[in-house]
Each structure stands twice: as C-alpha cells, then as structure tokens.
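Reviewing the structure listed below.
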Amino acid sequence: MTSTQTLARVGALAAVALAASASASAADGRYIVKFRDLQGAATTVQAAGGRVALELRPQRALAAELPAAAVEVLRRHPRVEYVEVDARRYPLAQSVPYGIPMVQANDAVFTGNAASGSNTTVCIIDSGYQRAHEDLPDTNVTGTNDAGSGNWAEDSCGHGSHVAGTIAASNNGLGVLGVVGNGNLHLHIEKVFSGADCGWAYSSSLVTALNRCVAAAGNNRLVINMSLGGSTSSRTERTAFDNAYANGVLPIAAAGNDGNTRTSYPAGYAGVVSVAAVDAAGVVASFSQQNSDVELAAPGVGVVSTTPFKPSTLSAGGSSWVGTDIDGSARTSVSGNLVNGGDCSAVGAWAGRVVLCQRGTISFAQKVANVVSGGGVGAAIYNNEPGGFAGTLNGSSTIPAISLSDTDGDEALGRIGNAATLDNTAGVGNGYEAYDGTSMATPHVAGVAALVWSLNPTRSAADIREALQVTAIDKGAAGRDNAYGFGIIQAKAAHAWLQAPVAETAPTLTAVSSVRKKGKAYARLNWSGGSCTQVDVRRNGVVVQTTANDGSTDDGPLNSGSYGYQVCVPDTGICSATAVLNF
C-alpha cells in the first residue's frame with residue numbers, strides 16, 4: 001500500500017461519506033438504533049423489517065440493516081431514542097524513525113527506568129498485527145477480530161502493523177525502534193479492517209472495538225490508538241468515547257489527511273485527542289487537517305516502520321539497502337551493472353543496467369519510462385531531501401522500481417559499475433516502509449502517552465492529556481492553533497511537568513523590548529519571581545537558552561519577524577505568559 005494511493009482513496013471515500021451524511025440515509029442501509037432498554041430490541045428491529053448486525057450492549061444500541069420504511073418506523077417507536085447512519089471509518093494512512101528523538105521517547109529518563117511502559121495498555125484499532133514480524137513483540141500482546149475480517153495476528157494491508165511498530169517495535173538490534181521498545185507495554189489489537197486495501201469499517205464496529213479494549217485492559221491504564229476516521233459524526237460513537245474518557249481511558253485519533261479544514265471523526269469528539277502530522281523539520285504536512293479540534297502534532301511524514309511485506313532491496317558491491325516498492329512497477333527481481341542515471345530526465349544508454357536516479361525534476365512515471373526506453377532493467381530512485389519516501393507511478397511499468405533514502409542513494413553512488421540486484425518481489429516477510437499520514441503521527445502520541453503514564457501511575461487520563469498539551473513545542477501562531485494544536489509532543493517535558501513539585505512557580509515576564517548591539521537586533525527580556533534558580537527562555541515554544549534566574553537576558557541576533565517569548569521552570573511546562581515582540 002502506498003501513501004499516494006491511500007490519500008486518493010481516502011479522500012474519495014470521505015467525500016462519499018460526507019454526501020451520505022447530508023442525506024441522513026445510509027447508502028447500504030446500515031444504521032445504529034439507540035434504545036431506552038435492550039429488552040426485546042432485536043424483535044422490534046425484525047418486526048420493522050430490519051436485520052440485526054451487531055449488539056452494542058453498554059450503549060443500549062443495535063447496528064442493523066434497515067430498509068427506508070423501517071428507519072422511519074423505528075424513529076417513531078416509543079422505545080427508540082434515535083436512529084442514525086452507521087458511519088463508515090477508513091484507515092488514514094499516507095523510517096529511519098526520526099520521530100523517536102523528536103518526541104523525546106529515547107531519553108534516558110525512560111530508557112533507564114525499568115518501569116517504563118509497565119501496567120499500561122495501548123489498544124490499536126486497525127487492520128491487525130503481523131505477530132510473526134521479527135521486530136514486533138510476541139509477548140504481552142492480545143487481540144480480537146471482527147467476524148469476517150481475518151485473524152487479528154495477521155495483517156493483509158500493513159497499516160496496523162506499521163502503526164504498531166511506531167508504538168512498540170522492539171529494541172532488538174533489528175529494523176526500527178518504537179516509542180516503547182522495551183517489551184513492557186501491553187498491546188491489545190482490535191482488527192476492524194481487512195483485505196489488501198484495508199477497506200473500511202462501521203462506526204458500530206469501532207464502538208464494539210472500544211468496548212473490547214476496555215475489557216481487555218482490565219486494571220491497566222488504557223490508551224487507544226485510532227489511525228482512522230471519516231467525515232460523518234455519530235451520536236453513539238461520540239457518547240461512547242466521551243464516556244470512556246470520563247472513565248479514565250485516553251482515546252487518540254488521526255486528524256485526517258484531506259489537507260483542508262473539515263473535521264474527521266472520532267478525532268473531532270471532545271473525549272478524543274486529535275493529532276496532526278509534521279515532517280522531519282517540524283513543519284505541518286500539506287495533507288494534515290487544520291481545524292479547531294487539532295490538539296497535538298507529531299511526526300507523520302516519511303515515517304519508517306514495520307510492515308508484513310517482503311522488503312524491497314538494492315544490492316551492489318557487497319552492500320545492500322532497504323527501500324520501498326514504487327506502486328505500479330513490476331514486482332520481480334532483476335540484475336545488471338549499476339549505472340548513475342543522474343535525475344533520469346533524459347534517456348541514456350542503459351541496456352541491461354540497473355539505473356540509479358535522483359528524485360526531482362520530473363515524475364516517477366517519467367523517470368521509469370526513460371529507464372525503460374534506455375534499455376534499463378530496473379530503477380532505484382533516491383530522495384533529494386533527508387529521509388525515505390513512498391511513491392506511485394499512477395499507472396504501471398514493465399520493470400521494477402523502488403525508492404531509497406537520500407543517504408542510501410549516496411552510498412549506492414559509490415558502487416557504480418558493480419554488479420547489482422534490485423528485488424521488489426511481493427510476499428509476506430519482515431518489511432519496513434516509509435508511510436505518510438496523520439495515521440503515522442497518531443501512534444507517536446499514543447506511545448508517548450503510554451510511556452509517560454506508566455511512570456506517573458497515580459495520574460488520570462486528563463492529567464496525561466494536560467501534560468502533553470502544556471509541554472508541547474509551540475509551533476505556528478503563538479499558543480494553540482488549528483495546524484499544530486498546542487504543538488509537537490515532548491515525552492521528557494511532559495514527564496517532568498507531572499513530576500514537578502506543586503510549589504514550583506514560573507517567573508513573571510515583565511517586559512520584552514528590542515535593543516541593538518553592534519548594529520544587530522536583539523530581544524531583551526525582563527522578569528521577576530519564580531521558585532527556580534535557573535530559567536529556560538523559550539522563543540516560539542523552543543528553548544533557546546538556560547540562564548540564571550537573575551531577572552534579565554538578551555536573545556539574538558534576530559531577523560525581522562514576530563517572536564513569542566516565555567520564561568519557564570527548566571525542563572517543565574511551568575512557564576510565564578507569552579509576550580510577543582515584533583521587529
């Protein structure tokens with residue numbers, strides 16, 4: 001599954017779902033019927049001409065297939081509170097896992113603590129879990145699957161396994177490292193998607209999965225990861241997740257990949273944390289939804305994690321590099337001497353060669369077509385910016401093509417002229433691929449929440465949520481905004497905030513003014529008070545210096561622009577109000 005394919009499919013399906021919600025009727029006749037009392041509820045549905053599909057006992061509701069006439073009959077029935085469309089939910093997919101240090105998950109405060117991840121469960125509601133993968137834990141893992149969706153311990157589309165790897169890939173010297181990679185974390189898998197393309201699931205299936213997550217967690221603290229969503233709200237779903245949050249569960253969901261301001265659900269419910277995606281530079285992704293529900297941001301571009309597929313590789317001169325299949329290319333293994341094709345924007349004399357191309361200038365499809373025209377047997381396209389990427393030909397090719405990271409491409413350039421093999425043969429295996437999407441950002445937040453909660457076991461779900469908010473690195477406009485929410489999550493800072501003595505107080509920022517030194521512009525900060533001996537100075541949410549709590553410091557030199565300053569208790573979210581200075 002490629003990110004480009006997924007974005008196109010999810011966008012199209014979300015549009016269909018939005019149209020369905022506008023007509024308040026289900027195209028496939030599937031609804032949720034909320035009863036005042038479940039006694040005799042199935043008989044009532046059947047008497048109206050419907051067929052019960054699923055019982056949501058804690059919610060006193062039934063999911064059912066209903067003809068149009070039955071919908072109206074049930075809406076008027078005295079024992080029925082409401083009837084609503086059983087909304088569809090779709091996976092929202094788009095690794096050097098740069099996200100792990102970005103969110104501080106590999107800090108010594110966690111890696112040096114044997115309790116990290118313990119007595120905490122992350123429930124992943126997705127497409128399953130490739131339990132046989134070399135880099136995914138096999139212990140402390142349980143699961144359930146919807147009828148007809150296949151074994152929860154297998155994953156036909158890779159989405160759920162990719163999410164799981166970001167959360168918990170093992171620290172075993174193989175592949176990638178998850179946010180909580182020490183094996184302490186309990187994973188519970190709820191498989192609601194199946195098939196090669198993940199398809200979709202009903203909101204009633206999502207509520208059922210929530211109920212099973214709660215039951216499976218027992219006395220453990222529970223975080224729920226939902227890298228999925230749809231454009232239609234559901235009363236039943238909203239009530240179920242809001243109640244779960246009120247009862248100590250922390251649900252986390254993807255904000256959506258449409259690149260607009262529309263709200264995705266369940267991320268849009270008050271009891272659910274909505275997660276946006278940023279790239280390796282901390283900049284919000286173009287596809288990430290931007291709306292008032294966005295609460296936190298996390299890495300979601302070019303995130304490398306575990307997949308159940310055989311990895312695509314390029315080998316030459318005794319070295320081998322793992323890449324990602326470019327969708328639409330032939331799935332096979334080819335051999336020939338490695339040749340440098342530059343950016344492959346023109347046809348070369350490449351008969352019988354494996355051609356190394358740099359990304360950029362023209363489309364992947366044009367590059368591969370030029371390799372074919374030049375007689376090349378395979379194409380390896382390496383990135384022109386840091387990290388890996390996923391791509392598509394938006395069509396097909398007679399030769400195999402894979403993508404490589406920029407660093408792997410540079411290494412491969414040192415093997416030009418050597419015999420090479422390019423292999424993207426399809427099959428089940430221990431794969432690793434780079435995906436884009438808010439689906440990839442969400443497990444960073446779920447993993448950090450579980451990590452921080454495990455070391456602060458007396459805290460509530462609301463406490464963990466607040467800690468993640470107040471310690472996030474502020475991005476975009478000062479304070480919370482629709483692109484980043486409160487900012488990029490910081491595990492160490494959140495833990496420190498929860499551990500900080502109540503008596504600690506932040507200094508009061510009394511003035512921020514502009515001064516010039518040697519012809520350059522600086523910001524002069526003045527503050528007073530605070531219980532700490534040192535302070536962190538934050539500029540636009542980022543710590544730019546740690547200095548003595550002596551009431552004054554200068555920051556710069558600065559270019560023209562707008563800067564939001566705070567002074568804070570070091571390594572915590574205990575900060576002064578933000579003062580803005582414009583040059």
Side-chain angles (χ1 to χ4, degrees), residues 3 92-107 110 122 124 126 159 162-169 176-181 223-229 250-257 264 266-267 272-291 293-305 387 434-453 464-476 480-495 541-542 573:
S3 59
L92 294 178
Q94 292 273 251
S95 161
V96 172
Y98 67 90
I100 304 303
M102 181 181 280
V103 303
Q104 301 182 319
N106 61 341
D107 191 89
F110 304 113
V122 174
I124 303 172
D126 214 293
H159 190 268
H162 197 279
V163 166
T166 296
I167 293 171
V176 296
L177 176 65
V179 172
V180 192
V223 178
I224 297 179
N225 188 98
M226 295 175 287
S227 293
L228 50 84
L250 186 55
I252 299 170
N257 296 335
S264 179
V272 179
V273 177
S274 177
V275 181
V278 299
D279 62 17
V283 177
V284 68
S286 60
F287 56 76
S288 188
Q289 298 293 93
Q290 299 189 25
N291 53 54
D293 297 295
V294 171
E295 186 168 326
L296 294 168
V301 178
V303 176
V304 177
S305 188
Y435 287 177
D436 303 329
T438 53
S439 276
M440 286 55 257
T442 303
H444 283 91
V445 177
V448 165
L451 192 62
V452 172
W453 209 351
I464 302 304
R465 188 175 188 175
E466 182 183 12
L468 295 179
Q469 291 175 1
V470 300
T471 61
I473 296 176
D474 192 15
K475 301 285 289 185
R480 196 215 150 270
D481 62 74
N482 290 353
Y484 299 92
F486 290 96
I488 300 173
I489 55 164
Q490 298 290 281
K492 179 184 178 183
H495 173 64
V542 179

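Keep in mind that this is a model prediction, so the values were computed, not measured.
Taking every heavy atom of both residues into account, Ala449 and Val223 meet most closely at CB-CG2, 4.3 Å. When all heavy atoms of Ala491 and Gln104 are compared, the pair lying nearest together is N-OE1, 3.4 Å. In plain terms, the two heavy atoms of Ala267 and Ala254 that are nearest each other are CB-O, 3.2 Å. Across all non-hydrogen atoms, the minimal contact from Ile167 to Ala446 is CD1-CB, 4.4 Å. Closest of all the heavy-atom pairs between Ala441 and Ala276 is CB-O, 3.4 Å. Counting all heavy atoms, side chain and backbone alike, Phe287 lies closest to Ala277 at CE1-CB, 3.9 Å.
Panel note: side chain Thr442, backbone Val275; no donor-acceptor pair is recorded below 3.5 Å. Remark: the backbone N or O of Val303 is paired with a side-chain donor or acceptor of His162 at under 3.5 angstrom. Put simply, the side chain of Arg480 gets close to the backbone of Val294: a donor and an acceptor are under 3.5 Å apart. Between the side chain of Gln490 and the main chain of Leu468, no donor-acceptor pair closer than 3.5 Å is present.
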| side-chain contact (heavy atoms from CB on, under 4.5 Å) between Trp453 and Leu250: does it pass, once the steps are laid out? | CA-CA 10 Å; Trp453 209 351; Leu250 186 55; 4.0 Å; yes
| request: Determine, step by step, whether Ile252 and Val272 satisfy the side-chain contact (heavy atoms from CB on, under 4.5 Å) criterion, reporting the C-alpha distance in whole Å, the side-chain angles of both residues, the deciding distance to 0.1 Å, and the verdict. | output: CA-CA 5 Å; Ile252 299 170; Val272 179; 5.8 Å; no
| task | Show your working on side-chain contact (heavy atoms from CB on, under 4.5 Å) between Val273 and Arg465 and close with a plain yes or no. | result | CA-CA 8 Å; Val273 177; Arg465 188 175 188 175; 3.5 Å; yes
| side-chain contact (heavy atoms from CB on, under 4.5 Å) between Phe110 and Val448: does it pass, once the steps are laid out? | CA-CA 10 Å; Phe110 304 113; Val448 165; over 6 Å; no
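Note that CG of Asn106 and NZ of Lys492 are 10.5 Å apart. Values are rounded to the nearest 0.5 Å. One finds the NE2 atom of His495 at 9.0 Å from the CG atom of Leu451 (value rounded to the nearest 0.5 Å). Interatomic distance, Asn291 CG to Ser274 OG, rounded to the nearest 0.5 Å: 6.0 Å. Note that the CG atom of Asn482 and the CD atom of Gln289 stand 11.5 Å from one another [nearest 0.5 Å]. Expressed to the nearest 0.5 Å, how far CG of Leu296 lies from CZ of Phe486 amounts to 7.5 Å.
Put simply, the side chain of Thr166 reaches to within 4.5 Å of the side chain of His444, judged on heavy atoms. You'll find the side chain of Val301 reaches within 4.5 Å of the side chain of Tyr98, heavy atoms only. With a 4.5 Å cut-off on side-chain heavy atoms, Ile489 and Val103 count as touching. The side-chain heavy atoms of Pro266 and Met226, taken from C-beta on, include a pair separated by under 4.5 Å.
Contacts of Tyr484 classified as ring pair (Phe, Tyr, Trp, His ring centres under 6.0 Å), with partners at least two apart in sequence or in another chain: none. Remark: Asp293 engages Thr263 in a side chain to side chain donor-acceptor pair (under 3.5 Å) (not counting sequence neighbours). Listed by chain and residue number, Glu295 satisfy the side chain to side chain donor-acceptor pair (under 3.5 Å) test with Gln469 (two or more places apart in sequence, or in another chain).
Residues Thr438 and Asn257 have side chains that bring a donor and an acceptor to within less than 3.5 angstrom of each other. Side-chain contact annotation: Ser227 with His159, donor-acceptor N/O pair under 3.5 Å absent.
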